[in-house]
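Being a predicted model, the structure only gives us computed values, none of them experimental. Here is how names work: the chains are called A, B, and so on, in the same order as the sequence lines, proteins then strands, and each is numbered from 1.
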2 protein chains.
Amino acid sequence: MTNQLDSFFGAMADPTRRAVIEQLASGPASVSELHAPHQMALPTFMRHLKVLEDTGIMRSIKKGRVRTCHIEAAPLIEAQGWLAWQREIWESRLDNLDALAHNIANLKDT
Amino acid sequence: MTNQLDSFFGAMADPTRRAVIEQLASGPASVSELHAPHQMALPTFMRHLKVLEDTGIMRSIKKGRVRTCHIEAAPLIEAQGWLAWQREIWESRLDNLDALAHNIANLKDT
DNA sequence: ATTTTTGTTAGCAATGTGACTAACTATCTT
DNA sequence: AAGATAGTTAGTCACATTGCTAACAAAAAT
């Protein structure tokens, strides 16, 4: 029962990592470009990148001394799917309750 | 920059808590009903419920000796929205790349 | 050939997380 | 009134997470 979702949500729980995702969403970037907006020390930041890469949310290749990072679609889609699925279930349930309420109202009217 | 998303994703990072959400999606349930499918000790399980409640994903009321839990829509919607937004951004980017690739192909053809 | 840039490795400290047991309270049931 | 049921509180423990600094390596620029 330990899905991909575990590590995905874990990865997204950190604001720094979400910010990296947001930045990467508009195109690939190098480590230092990604690091620039953040206050923390570079090694600390690298650990965040490692988490993203280990989860499969991000991939990177090193060319010369520059490592370029880019986003990977699959995990985001899976997680969004899970949430959408949950939402569908409880929304249909709410609809049923709503229908039930209407039926009761109609009974009153007749 | 420390949104609701922080605690939301943190809450969803645990399989036990996701299982609770899944169970709650099909209707409210008591603490022991929610606990039943899980091996862990009750106090441990209660902590998971507390996390869900603190995050606003779940709410509960106690009547007599039974505490009944039900799901709360807002945070799930917000998170799904964030993911959808991210996805839109990189999908449009991929579309652009695709269009670019086509243009290049067309240039070759002419 | 130096120096600068870009990233990496190693090791440490503080805090957070998820699990447990034991003991307890409050509410139904009998 | 006694016992069973449902949940709670308190205290402990191991491990993961997130931050740091210092020292290092490899590539590019001068």
Side-chain angles (χ1 to χ4, degrees), chain A residues 1-24 27-71 75, chain B residues 1-24 27-71 75:
Chain A
M1 253 282 184
T2 304
N3 315 16
Q4 297 277 110
L5 288 174
D6 265 50
S7 50
F8 174 83
F9 282 121
M12 299 317 256
D14 187 286
T16 300
R17 290 194 290 259
R18 280 204 312 282
V20 169
I21 299 295
E22 290 187 14
Q23 193 172 343
L24 282 178
S30 72
V31 169
S32 23
E33 283 167 349
L34 291 170
H35 176 233
H38 304 277
Q39 289 302 102
M40 72 190 58
L42 185 57
T44 306
F45 184 74
M46 294 284 298
R47 287 268 272 282
H48 286 297
L49 292 185
K50 189 177 184 321
V51 171
L52 290 175
E53 192 151 21
D54 288 351
T55 336
I57 295 170
M58 179 271 276
R59 302 225 178 152
S60 69
I61 17 161
K62 194 169 180 180
K63 194 165 190 177
R65 59 183 169 175
V66 175
R67 177 176 294 281
T68 304
C69 307
H70 61 95
I71 213 166
Chain B
M1 256 280 187
T2 305
N3 316 15
Q4 298 276 110
L5 288 174
D6 264 50
S7 50
F8 174 83
F9 282 121
M12 299 317 256
D14 187 285
T16 301
R17 291 194 290 261
R18 281 203 311 283
V20 170
I21 299 294
E22 290 187 14
Q23 193 172 344
L24 282 178
S30 72
V31 169
S32 21
E33 283 167 348
L34 291 171
H35 176 232
H38 303 277
Q39 289 302 101
M40 71 190 60
L42 187 56
T44 305
F45 184 74
M46 293 286 296
R47 286 267 274 283
H48 286 299
L49 292 185
K50 190 178 183 317
V51 170
L52 290 174
E53 191 150 21
D54 288 351
T55 336
I57 295 171
M58 180 271 275
R59 301 226 179 151
S60 70
I61 18 160
K62 193 169 183 180
K63 194 165 190 178
R65 60 185 167 170
V66 175
R67 176 175 295 283
T68 304
C69 306
H70 61 95
I71 213 165

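Although no hydrogens or angles enter the test, the distance criterion places a donor-acceptor pair under 3.5 Å between the side chain of A:His35 and the main chain of A:Met40. No donor-acceptor pair under 3.5 Å is formed between the side chain of A:Glu53 and the backbone N or O of A:Cys69. Between the side chain of B:Arg17 and the main chain of B:Ala11, a donor-acceptor pair closer than 3.5 Å is present.
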Sequence-aligned protein contact record of nucleotides 19-30 of chain C, with B where the base is within under 4.0 Å of a protein heavy atom and S where only the sugar-phosphate is: BBBB----BS--
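For B:His35 and D:dT8, the NE2 to P distance is 13 Å, given to the nearest whole Å. Atom pair A:Leu49:CG and C:dG7:C1' shows a separation of 11 Å (rounding to whole Å applied). Distance, B:Ile61 CD1 to D:dA6 C1': 16 Å, rounded to whole Å. As rounded to whole Å, 16 Å separates atom P of D:dT18 from atom CE of A:Met46. Atom-to-atom, CD of A:Glu53 to P of C:dG7 comes out at 13 Å; the value is rounded to the nearest Å. Computed from coordinates, the B:Phe9 CZ to C:dG16 C1' distance equals 20 Å when rounded to whole Å. Here the C1' atom of nucleotide D:dA16 and the CG atom of A:Asp6 are 14 Å apart, to the nearest Å.
Separating the CG atom in B:Leu5 from the CG atom in A:Asp14 is a distance of 12.0 Å, to the nearest 0.5 Å. A distance of 11.5 Å separates NE2 of A:His48 from CZ of A:Arg18, quoted to the nearest 0.5 Å.
Classification of the B:Phe8-A:Phe9 ring pair by plane angle, with boundaries at 30° and 60°, yields perpendicular.
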